[in-house]
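Remarks on the structure that follows.
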Amino acid sequence: NGGAEYRRLLHALIADLRRDLERPDLPFVGATLGPWRAKQAQALNAVVLALPGELGNCAVIDTSMPELADKLSHIEGDEAHYDAPSMRLLGRHYAKAVHALVYGGDLAGD
């Protein structure tokens with residue numbers, strides 16, 4: 001099962017990062033694959049979405065949520081990578097997620 005193997009590898013990656021950086025509580029934020037890939041990425045996205053319930057100090061950006069799904073796009077001819085405006089939008093969501101994990105609550109000004 002690709003989902004089970006991906007889960008094992010992702011959990012190992014997070015554990016290795018936290019161990020190597022000597023930060024067992026290091027925040028980790030993942031994101032689901034782009035909404036245009038949702039159908040073929042169901043198993044992988046399910047693993048990412050489960051992170052907060054399986055590991056401590058994790059958050060997830062669900063790219064299918066209404067405030068993102070219609071605003072994200074990929075580089076023309078390259079469905080694996082977001083275009084620059086999408087990366088900036090996702091960056092703001094990553095910043096909010098990290099802030100909530102580290103400090104609790106929302107970023108000021110939102």
Side-chain angles (χ1 to χ4, degrees):
N1 178 327
E5 180 66 3
Y6 182 69
R7 180 186 179 278
R8 184 186 71 74
L9 292 170
L10 183 57
H11 283 228
L13 170 75
I14 295 166
D16 289 348
L17 282 170
R18 290 174 170 175
R19 185 190 65 246
D20 291 350
L21 296 173
E22 299 177 359
R23 290 282 314 277
D25 62 341
L26 182 75
F28 184 88
V29 180
T32 57
L33 294 177
W36 57 88
R37 300 180 72 191
K39 195 169 196 170
Q40 72 255 37
Q42 285 179 331
L44 301 183
N45 284 347
V47 169
V48 174
L49 290 168
L51 277 175
E54 295 176 347
L55 298 176
N57 219 23
C58 287
V60 173
I61 299 165
D62 184 353
T63 60
S64 69
M65 65 180 148
E67 59 266 36
L68 287 178
D70 294 335
K71 295 178 182 168
L72 295 175
S73 58
H74 56 81
I75 296 171
E76 189 174 333
D78 182 359
E79 288 191 6
H81 297 100
Y82 292 102
D83 63 11
S86 296
M87 290 300 297
R88 288 189 290 273
L89 177 59
L90 283 170
R92 289 191 291 278
H93 282 268
Y94 272 99
K96 290 177 188 178
V98 170
H99 187 276
L101 288 172
V102 174
Y103 302 107
D106 294 331
L107 280 170
D110 284 340

Does this structure show an ion pair linking D25 with R23, if we count only N-O contacts that are shorter than 4.0 Å? yes
Is there any ring pair (Phe, Tyr, Trp, His ring centres under 6.0 Å) pair reaching into residues 59-80, and which pairs are they, with sequence neighbours excluded? W36-H74
Side-chain heavy atoms of L101 within contact of F28, under 4.5 Å: no
Residues at least two apart in sequence or cross-chain that pass salt bridge (Lys or Arg N to Asp or Glu O under 4.0 Å) with D78, listed by chain then number, are none
side-chain hydrogen bond (donor to acceptor under 3.5 Å, both in side chains) filter on H11, not counting sequence neighbours, yields E54
Looking at every heavy atom in both G30 and V48, which two are closest together, and how far apart are they? C-CG1, 4.1 Å
If you take all heavy atoms of V47 and G3, which pair is closest and at what distance? CG2-O, 3.3 Å
Which residues satisfy the side-chain hydrogen bond (donor to acceptor under 3.5 Å, both in side chains) test with D20, sequence neighbours excluded? none
Inter- and intrachain pairs under ring pair (Phe, Tyr, Trp, His ring centres under 6.0 Å), touching residues 47-72, at least two apart: none
Point-to-point distance, once rounded to the nearest 0.5 Å, from CD1 of I61 to CG of L49: 11.5 Å
Mark yes or no for whether Y82, through its side chain, and G34, through its backbone, hold a donor-acceptor pair below 3.5 Å. yes
Verify same cluster id: L13, V60 (apolar side-chain graph, 4.5 Å): yes
Nearest 0.5 Å please: distance from the CD atom of E5 over to the CG atom of L44. 11.5 Å
N/O donor-acceptor pairs under 3.5 Å from side chains in residues 64-73, not counting sequence neighbours:
from : atom 1 : to  : atom 2 : distance (Å)
S64  : OG     : D62 : OD1    : 2.7
S64  : OG     : D62 : OD2    : 3.3
S73  : OG     : D83 : OD2    : 2.5

Check: L90 and T63 side chains under 4.5 Å, non-hydrogen atoms: yes
Indicate yes or no for a side-chain donor-acceptor contact from R18 to the backbone of L26 under 3.5 Å, with no hydrogens or angles considered. yes
The complete set of salt bridge (charged side-chain N to carboxylate O under 4.0 Å, His left out) pairs with one or both residues in residues 43-53, sequence neighbours excluded, reads none
Check whether I14 and L9 end up in the same hydrophobic cluster, where Ile, Leu, Val, Met, Phe, Trp and Tyr are linked by side-chain heavy atoms less than 4.5 Å apart. no
